[in-house]
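Accompanying notes for the structure given below.
Computation of the quantities below employed the complete heavy-atom set of this structure, encompassing side-chain atoms and omitting hydrogens, waters and symmetry-equivalent molecules. Proteins get letters first, then strands, A, B, ... in listed order; numbering begins at 1 in each.
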Number of protein chains: 2
Amino acid sequence: MSLAHAILSALMDCPRSGYDLAKYFDSSVSFFWDATHQQIYRELSKLEAEGYLTAEKIDQEGRPNKKLFHITETGTAFLQDWIAQPSELSPVKDDLLVKLFAGKSVPKEIILKELAHHRQQHCKRLEEYRAIAQDLFQSTGALPIENQFQYLTLHHGIRSETGWLAWCDEAILFLQGEGGLKRQQTESRSQNPESQSME
Amino acid sequence: MSLAHAILSALMDCPRSGYDLAKYFDSSVSFFWDATHQQIYRELSKLEAEGYLTAEKIDQEGRPNKKLFHITETGTAFLQDWIAQPSELSPVKDDLLVKLFAGKSVPKEIILKELAHHRQQHCKRLEEYRAIAQDLFQSTGALPIENQFQYLTLHHGIRSETGWLAWCDEAILFLQGEGGLKRQQTESRSQNPESQSME
DNA sequence: TAACCCATGTAACCTGTTACATGATTAA
DNA sequence: TTAATCATGTAACAGGTTACATGGGTTA
C-alpha cells in the first residue's frame with residue numbers, strides 16, 4: 001500500500017541511499033512501518049522510473065559507491081495528494097492473537113509461555129522507543145516543527161507497547177486464575193479512558 | 001504468514017464454507033486478522049490439497065450448493081505445532097502514522113481532519129467490539145473454556161481501540177495547541193501503567 | 001425494480017519474504 | 001581471524017488486492 005509513501009516521507013527530510021533507508025526503517029520508522037532492504041531497492045527503482053525520485057551517484061573511496069535519492073517536485077506533490085486523501089483504518093494482523101484464539105487446542109502452558117515471551121519482546125521494544133524519545137526530545141520548551149510529527153508517531157509507539165504489556169499481564173493472570181473465575185466487571189474506566197500523559 | 005492458521009483455527013470450532021469464513025473474518029476474527037473472500041478461497045484449495053482439510057459437498061435447494069470444510073487430524077497437528085513454535089512480534093504498518101510522519105509537508109488542517117476522521121472510525125469499531133462483548137459474555141460467573149480465549153482476543157481489540165481514541169485526542173490537542181508548547185512531562189504513569197480493567 | 005444475500009470462483013497484478021550473490025573496510 | 005558495516009542488487013515464490021464473472025432468492 002504505502003511503502004512508496006513511507007519512502008517518500010523519509011526522503012522529504014534529506015536525500016538518502018537505499019542502505020540508509022533500510023537502516024532508517026529499522027529504527028526511526030519502525031513504530032509504524034516495516035520494510036526489508038529488498039523491498040526498498042525494488043520500490044526505489046520504481047519510484048525513480050515514475051519520476052518521483054532522482055538518483056545522484058556518489059563515488060566513494062574505500063567503500064562502495066552509492067546512490068543518493070532525492071525527492072522531485074512531482075514526488076512531493078504525489079505524497080501531499082495522498083496525505084490529503086482520507087484513508088481507512090489499517091487492517092489488524094497479529095500472530096499471537098491467532099494463537100490465543102485457537103488456545104484451547106493446546107495445553108495452557110504453551111500459551112502462557114508464548115504470552116511471557118511476547119511480553120518480554122514488547123518490553124524490549126518499549127525500552128528502545130523510550131531511548132529514542134530521550135535522544136530526540138530531551139530539551140525543554142517548544143519542539144521545532146520538524147519534530148512535532150515525529151514525536152506524535154513515537155508517542156503512539158510507546159502507548160501501543162505499554163498497552164501490549166498491560167494486556168499480556170492481564171491475560172497471564174486471567175489464564176492462571178483457572179479462567180473465568182476472576183473475570184472483572186464489564187463497564188470500566190475504558191468507557192471514558194483516563195489518558196496516559198504524553199511521553 | 002498465518003492466514004492458513006487463522007482459517008484452521010476457525011475450523012476447529014465447527015465446519016464452515018468459504019462464504020461462512022469470509023463473514024466470520026469480517027466480524028468475530030476482525031480483532032486480529034483480515035482477509036477477503038478471494039484470499040480465503042485460494043487458501044482453502046491449498047489447505048485441502050495439502051490434506052489439512054476435507055471438503056463435504058452440500059446440495060441445497062433454492063440456494064447455491066456449498067462446500068463445508070472440515071479440519072483433519074493432520075490439520076489439527078499442523079496448527080498445534082505452529083502454536084507451540086515461538087513467534088516474533090507482528091510487524092506494525094499504519095497509514096495514518098505515515099501521514100503524520102510527513103505531516104509538516106501539508107497544511108495542519110489536513111492532518112487534523114484526518115485525525116478526526118480516524119478517531120471516528122476507531123470509535124465505531126470500539127462500539128462494534130463492545131456489542132460483540134455484550135452478546136458473548138453477558139452471563140455472570142465463569143466463562144466456558146471455549147470462550148476464554150475468544151474473550152482475551154476481543155479484550156485486546158477493545159483495549160487497542162480505546163488506546164487509539166485516547167491517542168487521537170491527545171494528538172489533536174497537541175497540534176491545536178500550536179505544537180510543542182503544551183508538551184507534558186516525559187516521565188509519566190506509563191512507566192508503571194495502571195492497567196485498564198477487563199471488559 | 002433495485003439492492004442485497006447466498007455461494008463460488010478466475011485472472012492479473014502488486015507487495016512481501018527468503019535465499020543467494022559480491023566484495024572491500026574496520027573493529028573485537 | 002571472525003564478524004560487522006557499508007552498499008547494491010537478482011530470482012523465485014508466497015501472500016494480498018482489485019476487477020471481473022455468474023445467478024437464483026429475498027427484502028424494501
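For Q120(B), the CD atom is loosely surrounded, since the number of other residues' heavy atoms within 6.0 Å does not exceed 12. Within a 6.0 Å radius of CD in E73(A), other residues, nucleotides and ligands contribute 12 heavy atoms or fewer.
Scored by the side chain to side chain contact (heavy atoms under 4.5 Å, CB included) test, P64(A) finds no partners at all (sequence neighbours excluded).
At a cut-off of 3.5 angstrom, counting only N and O atoms as typed in the model, there is no donor on one side facing an acceptor on the other between the side-chain of R42(A) and the base of dG9(D).
Comparing T36(A) and K23(B) against DNA chain C, the residue whose closest nucleotide sits nearer the 5' end is K23(B).
We find that NZ of K57(A) is positioned 12 Å from C1' of dT8(D), with the value rounded to whole Å. For the pair R16(A) CZ and dC6(D) P, the interatomic distance rounds to 14 Å; values are reported in whole Å. Between the CG atom of L3(A) and the C1' atom of dG16(C) there is a distance of 9 Å, rounded to whole Å. At whole-Å resolution of the value, NE2 in H37(A) and P in dC20(C) are 14 Å apart. In this structure, F69(B) atom CZ and dG9(C) atom C1' are separated by 11 Å, rounded to whole Å. In this structure, the CG atom of D20(A) is 7 Å from the P atom of dT8(D), given to the nearest Å. In this entry the distance linking NZ of K93(B) with C1' of dC14(C) reads 12 Å, nearest Å. Taking atom CD on Q38(A) and atom P on dA12(D), their separation rounds to 15 Å, with Å as the unit.
Contact between the side-chain N/O atoms of Y41(B) and the OP1/OP2 oxygens of dG9(C) is not found at any separation under 4.0 Å. Regarding contacts with the backbone of dC6(C), every side-chain N or O of S17(B) stays at 4.0 angstrom or more from both OP1 and OP2.
Residue Q39(B) has its side chain nearest to dT17(D) when only dC6(D), dT8(C), dT17(D) are considered. When distances run from any side-chain atom of K46(A) to the nucleotides dG9(D), dT15(C), dA7(C), the shortest one goes to dT15(C). Listed candidates were dT8(C), dT17(D), dT17(C). Nearest to the side chain of D34(A) is dT17(C). You'll find that the side chain of W33(B) is closest to dG16(D), out of dT8(D), dG23(D), dG16(D).
Here the closest heavy-atom approach between residue E114(B) and residue P86(A) is recorded as OE1-CA, 3.4 Å.
Between D13(A) and K104(B) there is a salt bridge, with a side-chain nitrogen of the basic residue lying less than 4.0 Å from a carboxylate oxygen of the acidic one.
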